[in-house]
K.L.:
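Here you go, one structure.
Reckoned from all heavy atoms, side chains included, excluding hydrogens, waters and symmetry mates. So that the names make sense, note that chain A is the first sequence line, chain B the second, and so on, each numbered from 1. None of these values were measured; they are calculated from a predicted model.
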Number of protein chains: 2
Amino acid sequence: MKIDFDGIQAFVVIAELGGFNKAAEHMHVTQTALTRRIQKLESYLGLKLLDRTTRYVELTAVGRDFLPQARVIVSEMTAAVGRLKDMSKYSRGSFTLACVPTMAAHILPKLIREYAETSPKNRIRLLDATSYEVRDAVLSSQAELGIGVHGEQHPDLIETPLFDDPLMFFCRESNPLSRMKSVTWSDMSGAELIVVSNLTATRVFMDYQLAKRGISLSGAYEVQHHATAISLVAAGVGCAILPASTFQEGDRPGVRRIPLVSPVVKRKVILVRRRNSTLSPAAEAFYELVKRTHGKIDQETAPD
Amino acid sequence: MKIDFDGIQAFVVIAELGGFNKAAEHMHVTQTALTRRIQKLESYLGLKLLDRTTRYVELTAVGRDFLPQARVIVSEMTAAVGRLKDMSKYSRGSFTLACVPTMAAHILPKLIREYAETSPKNRIRLLDATSYEVRDAVLSSQAELGIGVHGEQHPDLIETPLFDDPLMFFCRESNPLSRMKSVTWSDMSGAELIVVSNLTATRVFMDYQLAKRGISLSGAYEVQHHATAISLVAAGVGCAILPASTFQEGDRPGVRRIPLVSPVVKRKVILVRRRNSTLSPAAEAFYELVKRTHGKIDQETAPD
DNA sequence: TGGAATATATGCGCAGATCGCAACAAAATC
DNA sequence: GATTTTGTTGCGATCTGCGCATATATTCCA
């Protein structure tokens, strides 16, 4: 037979308020209903929980034993359900967002600020990781959403393009190229290039795009992170080819960011979620916010 | 709207077993029923808890959050209800018995032994107290049952007479009266009497019975407990008038217990419970056991 | 590419649970 | 002894939850 939560809840309220009528009023049902719930519960258990005359209600010995347990169960239950209803009603709760470090520094602060306006109580657990790890995190549900770079399409991922992030040329003001409006790939054949590790999506993407066009460059230095590359540029070690978003105008005095053309090579920044998985309301709200404010019309992500 | 325990339980089992069919089998219902329970729960909460294709069932982010809480609630609930059903089914559990010390030493060991045969797992919490305290304990539900001495009838107590406990004369073998088959109250006018404190029911009862008959005795010593009185008798300090049950034949070498007649004065040992209160099954079993093995036909407890 | 197998969802109808109303019964109060 | 208060019971209406049969979706495998 099935466990009768209503009966137990009725028991707790009656015991607490000391009477069927008071409890009935409190629970917005008739007192009749409570009488029957208790009768049903007692007959199910084979025990009396309440000794009741027409005048007084009093706990039996068993009822006294059971009351504290019942109270705990009922309050835990109502609290847990209440939390869930809050989540659905007000999109409350927290969720995990996986994000590549560049974007975490670039667009995320603004997004988080906007999100905080509509959902001030929500927390975003940020998982900063490489583009591959972002995909994995979303696929394995470690994160509900991801912000990464478009790579190989995965059938279980839904990607929303956010914006294009062209590769640009970074150098010091002292560099001869620094005054040009734009530079071409062939311009940098002799440069001391700082490139990021070929374990990063940016590098793989860049190599792929260049190989496709028969351009080959020599990398003098290889670093792990975009931020390191920028620092090296600032320190005068060399020049770098990095996504535009790595750098905000004015971030680093003395460092110039120059468009790189012929061809313009762009990586696509995407918002990603798992297909066939339901987002928590908190994540859903973020997803919609990002799509609304930054999403482009879904388009083919082939280059050029 | 009412909280749906079944739905939550279904959720837990489905999540745990990884499928509706397995869960349905485990719970001895059809898979249809579970589908509906989850649908109802989800629509009540306004949240999806399970992402399910016709092939796989998988927790949503919210479901993953909720599962551990739900598991705890469900297991606490089923455990608590299980304990209660055990109580009713097998009269399991413990209860509190208030008992005067004399009887705790006299009949209780046997009763407890008998009770342990039928209900070996049950524990009796023993509250040893004066006869007044026994009544109070039962009236205030600190104890479900009491073993005491009949005094003033209380409308909220149900008393079952167990046996009569006549006052007897206790002395050493060296005492001149020790060889008599019985002694009368007048026989002990000159004796060095040890009496128990007038705070005890025995003393009050004795005084009342004697006053009624115009007999007056002088008490040379006054002690708190029957056991002390016996010890003093054994030590040769004097003689005592005590309930017969204080003493088992052979308990104390050198001490004689002699019937006290003209008149025979008896206190009534009673089993007592509260009127209009339901006993726990464990207490009920004890109550029935005692009534069956020691109860006399309910009779007027007036003396003589 | 198209069944076979497997797993969840749905239409439908029945049985029982639950509720509210009204009347009743018992205990306390005045 | 009437009145008030409070729990219980009879009854009818409604709602809930279930199972059966069937539909639908997905995967597997030939």
Side-chain angles (χ1 to χ4, degrees), chain A residues 1-45 47-60 63 81 154-156 158 274-278, chain B residues 1-45 47-60 63 81 154-156 158 274-278:
Chain A
M1 186 163 169
K2 293 186 329 185
I3 285 178
D4 177 11
F5 183 82
D6 293 340
I8 291 175
Q9 190 176 31
F11 164 68
V12 171
V13 178
I14 292 167
E16 227 123 68
L17 300 181
F20 283 64
N21 280 297
K22 288 169 212 156
E25 190 181 351
H26 185 261
M27 298 173 76
H28 309 292
V29 289
T30 54
Q31 169 269 330
T32 320
L34 295 189
T35 293
R36 292 214 226 269
R37 284 192 199 174
I38 295 296
Q39 284 172 340
K40 187 189 156 208
L41 178 63
E42 287 181 337
S43 90
Y44 167 59
L45 294 173
L47 292 167
K48 296 256 317 229
L49 294 173
L50 297 168
D51 274 324
R52 38 202 193 278
T53 66
T54 57
R55 204 65 189 171
Y56 291 126
V57 173
E58 196 176 20
L59 289 164
T60 62
V81 169
H154 190 288
D156 284 351
I158 300 174
R274 266 187 74 201
R275 194 180 300 280
N276 298 326
S277 91
T278 307
Chain B
M1 187 165 170
K2 294 186 329 186
I3 286 179
D4 177 11
F5 183 82
D6 293 341
I8 292 175
Q9 189 176 32
F11 164 68
V12 170
V13 178
I14 292 167
E16 226 123 67
L17 299 181
F20 284 64
N21 280 298
K22 286 170 210 153
E25 191 181 351
H26 185 261
M27 298 174 77
H28 308 293
V29 289
T30 55
Q31 166 266 325
T32 316
L34 294 189
T35 294
R36 296 238 160 79
R37 285 192 198 174
I38 295 295
Q39 285 171 340
K40 186 185 156 210
L41 179 64
E42 286 181 337
S43 89
Y44 168 59
L45 293 174
L47 292 167
K48 296 249 329 220
L49 295 173
L50 296 168
D51 272 325
R52 39 200 193 278
T53 67
T54 57
R55 205 64 188 174
Y56 289 127
V57 172
E58 196 176 19
L59 288 165
T60 62
V81 169
H154 190 288
D156 285 351
I158 300 174
R274 266 187 75 200
R275 193 180 301 281
N276 300 326
S277 91
T278 308

K.L.:
I need a per-nucleotide contact map over nucleotides 17-26 of chain D, read 5' to 3'. Cutoff is protein heavy atoms under 4.0 Å; write B for the base, S for backbone only, - otherwise.
P.N.:
SBBBB---BB
K.L.:
So, using side chain to side chain contact (heavy atoms under 4.5 Å, CB included) as the criterion, who are the partners of A:N276 when residues are at least two apart?
P.N.:
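For A:N276 there are no side chain to side chain contact (heavy atoms under 4.5 Å, CB included) partners, ignoring immediate neighbours.
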K.L.:
Rounded to whole angstrom units, what separation is found between the CG atom of B:L41 and the P atom of D:dT16?
P.N.:
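Distance check: B:L41 CG to D:dT16 P gives 15 Å.
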K.L.:
Tell me, which of residues 15-22 of chain A have any heavy atom that sits under 4.0 Å from an atom in DNA chain D?
P.N.:
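Those residues whose heavy atoms fall under 4.0 Å from DNA chain D, taken from residues 15-22 of chain A in numerical order, are A:G19, A:F20, A:N21.
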K.L.:
With sequence neighbours excluded, what pairs up with B:S277 under the side chain to side chain donor-acceptor pair (under 3.5 Å) test?
P.N.:
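B:S277 satisfies side chain to side chain donor-acceptor pair (under 3.5 Å) with no residue once adjacent residues are dropped.
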K.L.:
Roughly how far, to the nearest 0.5 Å, is CD1 of B:I158 from CZ of B:R275?
P.N.:
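Answer for the CZ-CD1 pair, B:R275 versus B:I158, is 4.5 Å.
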K.L.:
List for me each residue that meets side chain to side chain contact (heavy atoms under 4.5 Å, CB included) alongside A:R36, sequence neighbours excluded, and say none if there are none.
P.N.:
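A:R36: side chain to side chain contact (heavy atoms under 4.5 Å, CB included) contacts with A:T32, A:Q39.
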K.L.:
Applying side chain to side chain donor-acceptor pair (under 3.5 Å), name anything that partners B:T60, two or more places apart in sequence or on another chain.
P.N.:
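Not a single residue meets the side chain to side chain donor-acceptor pair (under 3.5 Å) criterion with B:T60.
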K.L.:
At a heavy-atom distance below 4.0 Å, which nucleotide of DNA chain C is the first touched by chain A, and which is the last?
P.N.:
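Range of nucleotides touched by chain A: C:dT18 to C:dA28.
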K.L.:
For B:K40, give me all partners under salt bridge (charged side-chain N to carboxylate O under 4.0 Å, His left out), at least two apart in sequence or on another chain.
P.N.:
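Here the qualifying residues are B:D4.
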K.L.:
Enumerate the salt bridge (Lys or Arg N to Asp or Glu O under 4.0 Å) contacts for residues 5-28 of chain A, please, sequence neighbours excluded, ordered by first and then second residue.
P.N.:
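Sorted result for residues 5-28 of chain A: A:D6-B:K2, A:E16-A:R71.
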K.L.:
Sort and list the pairs that fulfil ring pair (Phe, Tyr, Trp, His ring centres under 6.0 Å) and have at least one residue in residues 3-30 of chain A, not counting sequence neighbours.
P.N.:
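Counting only pairs at least two positions apart or across chains, the ring pair (Phe, Tyr, Trp, His ring centres under 6.0 Å) contacts touching residues 3-30 of chain A are A:F11-A:F66.
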K.L.:
Rounded to the nearest angstrom, tell me the gap between atom CZ in A:R52 and atom C1' in D:dT5.
P.N.:
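Whole-Å distance recorded here is 17 Å.
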K.L.:
Could I get the full list of side chain to side chain donor-acceptor pair (under 3.5 Å) partners for B:D51, not counting sequence neighbours?
P.N.:
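By the side chain to side chain donor-acceptor pair (under 3.5 Å) rule, B:D51 matches A:T278.
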K.L.:
Checking side chain to side chain contact (heavy atoms under 4.5 Å, CB included) for the pair A:M27/A:L34: CA distance, chi angles, key distance, verdict?
P.N.:
CA-CA 9 Å; A:M27 298 173 76; A:L34 295 189; 4.1 Å; yes
